[in-house]
Amino acid sequence: MFLISTAGPLLDDSRPRDTLMAVAPVQQRSGPGGTRAQLPPCYYEGYLDKRGPKEKAFRRLWSCLCGNAMFFFNNAKDTHYVERLDLSGFVSLRDDCSRDRNLEAARLILRMKDGETKLTAPNLESRELWKGFLYSVVDLNVPACLTLLPGQLQMLKEVVDKERSRRRARTPTRAPPSPLSVPLVGEIPPCFRPVSRTEAEVLLERHPDCGNMLLRPGRDGCSLAVTTRQDLNGSVFRHYRVTQREQGGYIIDVENPIPCASLHEVIDALVEKTAGTLQPFLLEEPYEENITYVSSNDENGERMLHTAPSSPLPKAPALPPKQDRMSSKPLPRSPAPDRRILTSAVPSSPTNPLRRLILSPSPLAQTLNEELKMKLEKRRASQE
């Protein structure tokens, strides 16, 4: 564990003066004029030994972290910088365990998209502070993986706030890319949102229950980015670049690039690499519960918003189903009742009304019977 005071690292006064300056706390310095006066605000500065990707030997330069870039001067009094390293191409930052002739020196490797830059700080405490300031400016978040004291963490938080304000105040040189300007191949994951980096952070922080990882357009309009949020004594945001390969598919541009066949595989790979800690951001958009419409008042012409009645509309009576004549079959006729069964089933009681109804003849039948009797009697009389 490194013991670092809030006013600066613990130092030995017997060290050379340049070593003391290399780990001195940040002091805002404005040069007498020229290039230094035009630089963004300086967050941290000190001597570093630097060797770029195409350089064979280290050079001792006065290094200043100004805004989102590092500026290198031959000495602390120069007003014109000799090199500039833009941190927008930042990939990773790690310690270099190789030994230096100076046993107290501590090395680190700053990996950019165009190669690696090796830096050597005077001691371990100075290296931790450089890492803290670099991570804070690149990620716009105070790093939680470093061993720093509360006062220094507060100092990094102030740097993050200043850098965020500085970036918001800058006039954008180009309009933010729309989702149509991003070359997408295959189906788009549901966690894709056409938002900027800052808007992505706000979305993830405002809706933590909807997921902690979303896909968005990159700043250049030709790539994509994945923004993640995790909670570690506050919000910790990370941004990963996703580029499209010429032969098809995508690559998650990290220290060890991860090839993916589709954007869905990009999201699945990040979920798998983090053992399910990262989950896609799925925000359910609200929908209206009632139907509304705008109409004008006939008297004064005022337009008002009305809500349609929520009662269900009356249903039309259902028509009986049509039967197909070809397929319809005639209904079977019911068999004629058996009079004998019906007669025998009637009780023989003379007071039974059903028996009287069946046995009593009707008036028409009585008249016919009387006429038949008269004809029979006349025929018998004539024969005799």
Side-chain angles (χ1 to χ4, degrees), residues 21-55 58-94 107-121 126-143 146 155-174 196-198 218-220 223 225 237-241 253:
M21 296 176 65
V23 292
V26 176
Q27 295 179 358
Q28 186 66 38
R29 301 171 69 251
S30 58
T35 306
R36 186 185 287 268
Q38 300 173 356
L39 298 181
C42 181
Y43 301 135
Y44 194 62
E45 57 185 353
Y47 275 110
L48 289 175
D49 293 339
K50 172 186 173 295
R51 191 179 78 179
K54 300 180 180 180
E55 296 175 344
F58 282 91
R59 290 189 299 162
R60 190 170 184 76
L61 299 172
W62 182 260
S63 308
C64 298
L65 178 61
C66 301
N68 193 33
M70 291 186 69
F71 296 87
F72 300 95
F73 301 82
N74 287 323
N75 55 64
K77 297 182 180 180
D78 281 356
T79 58
H80 295 272
Y81 61 86
V82 294
E83 288 186 33
R84 179 179 182 273
L85 182 61
D86 191 355
L87 297 177
S88 60
F90 176 87
V91 176
S92 65
L93 180 65
R94 70 177 190 273
R107 292 181 175 180
L108 67 157
I109 298 177
L110 176 61
R111 186 186 176 197
M112 311 294 290
K113 289 187 176 181
D114 55 355
E116 293 182 348
T117 299
K118 295 186 176 181
L119 303 173
T120 302
S126 176
R127 183 177 69 179
E128 286 294 294
L129 277 177
W130 273 110
K131 288 164 59 178
F133 280 100
L134 289 172
Y135 277 129
S136 298
V137 169
V138 170
D139 296 334
L140 292 181
N141 278 292
V142 177
L146 303 179
M155 188 166 52
L156 296 182
K157 185 178 183 302
E158 294 175 359
V159 169
V160 170
D161 296 338
K162 291 180 181 179
E163 180 62 14
R164 284 182 175 176
S165 301
R166 186 187 72 86
R167 295 186 187 183
R168 292 193 189 102
R170 287 186 306 173
T171 303
T173 56
R174 56 187 298 177
S196 64
R197 174 187 283 231
T198 304
R219 289 183 177 179
D220 54 3
S223 63
F237 296 100
R238 291 291 182 266
H239 306 273
Y240 304 95
R241 186 185 297 272
D253 197 357

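Of all non-hydrogen atoms in Gly67 and Glu163, the two that sit nearest each other are CA-OE1, 3.5 Å. For the pair Cys66 and Leu39, the tightest heavy-atom approach, listed with the atom from each and the gap, is SG-CD1, 4.3 Å. Of all the heavy atoms in Leu61 and Phe72, the pair that sits closest is CD1-CB, 3.7 Å. When all heavy atoms are compared, the tightest approach of Phe58 to Thr120 is CE2-OG1, 3.7 Å. Considering every non-hydrogen atom in both Leu156 and Pro143, the closest pair reads CD1-CD, 4.2 Å. Minimum interatomic distance between Ser63 and Leu48 (heavy atoms only, all atoms of both residues): OG-CB, 3.5 Å.
Under the rule for a side-chain contact (heavy atoms from CB on, under 4.5 Å), the partners of Glu158 that lie at least two apart in sequence or sit in another chain are Gln154. Residues forming a side-chain contact (heavy atoms from CB on, under 4.5 Å) with Lys113 (at least two apart in sequence, or on another chain): Val91, Arg241, Asp253.
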Q: For side chain to side chain contact (heavy atoms under 4.5 Å, CB included), just list the numbers for Trp130 and Leu119, CA-CA rounded to whole Å, side-chain angles, deciding distance to a tenth of an Å, and then say yes or no.
A: CA-CA 10 Å; Trp130 273 110; Leu119 303 173; over 6 Å; no
Q: Could you go through the side chain to side chain contact (heavy atoms under 4.5 Å, CB included) check for Leu65 and Val159 one step at a time?
A: CA-CA 11 Å; Leu65 178 61; Val159 169; over 6 Å; no
Q: Could you check Asp78 against Trp62 for side chain to side chain contact (heavy atoms under 4.5 Å, CB included), going step by step and ending with a plain yes or no?
A: CA-CA 9 Å; Asp78 281 356; Trp62 182 260; over 6 Å; no
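Under a 3.5 Å cut-off, the side chain of Arg127 and the backbone N or O of Arg107 do form a donor-acceptor pair.
One finds no salt bridge joining Glu55 and Lys118 here, because no Lys/Arg side-chain nitrogen approaches an Asp/Glu carboxylate oxygen to under 4.0 Å.
Between Asn68 and Arg167, the closest side-chain pair of non-hydrogen atoms falls below 4.5 Å. Contact check for Thr79 versus Phe73: no side-chain heavy atoms found under the 4.5 Å cut-off.
Judged by the 6.0 Å and 45° rule, Lys162 forms no cation-pi pair with Tyr43.
Gln38 CD to Tyr81 OH: the interatomic distance, rounded to the nearest 0.5 Å, is 9.0 Å. Of the inter-residue distances, the one linking Met112 atom CE with Ser92 atom OG reads 10.0 Å to the nearest 0.5 angstrom. The CZ atom of Arg219 sits 8.0 Å away from the NE2 atom of His239 when rounded to the nearest 0.5 Å.
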Just list the side-chain donor-acceptor pairs under 3.5 Å for residues 132-142, sequence neighbours left out, or say none.
residue : atom : partner : partner atom : Å
Tyr135  : OH   : Leu93   : O            : 2.9
Ser136  : OG   : Gly132  : O            : 2.7
Asn141  : ND2  : Asp139  : O            : 3.1

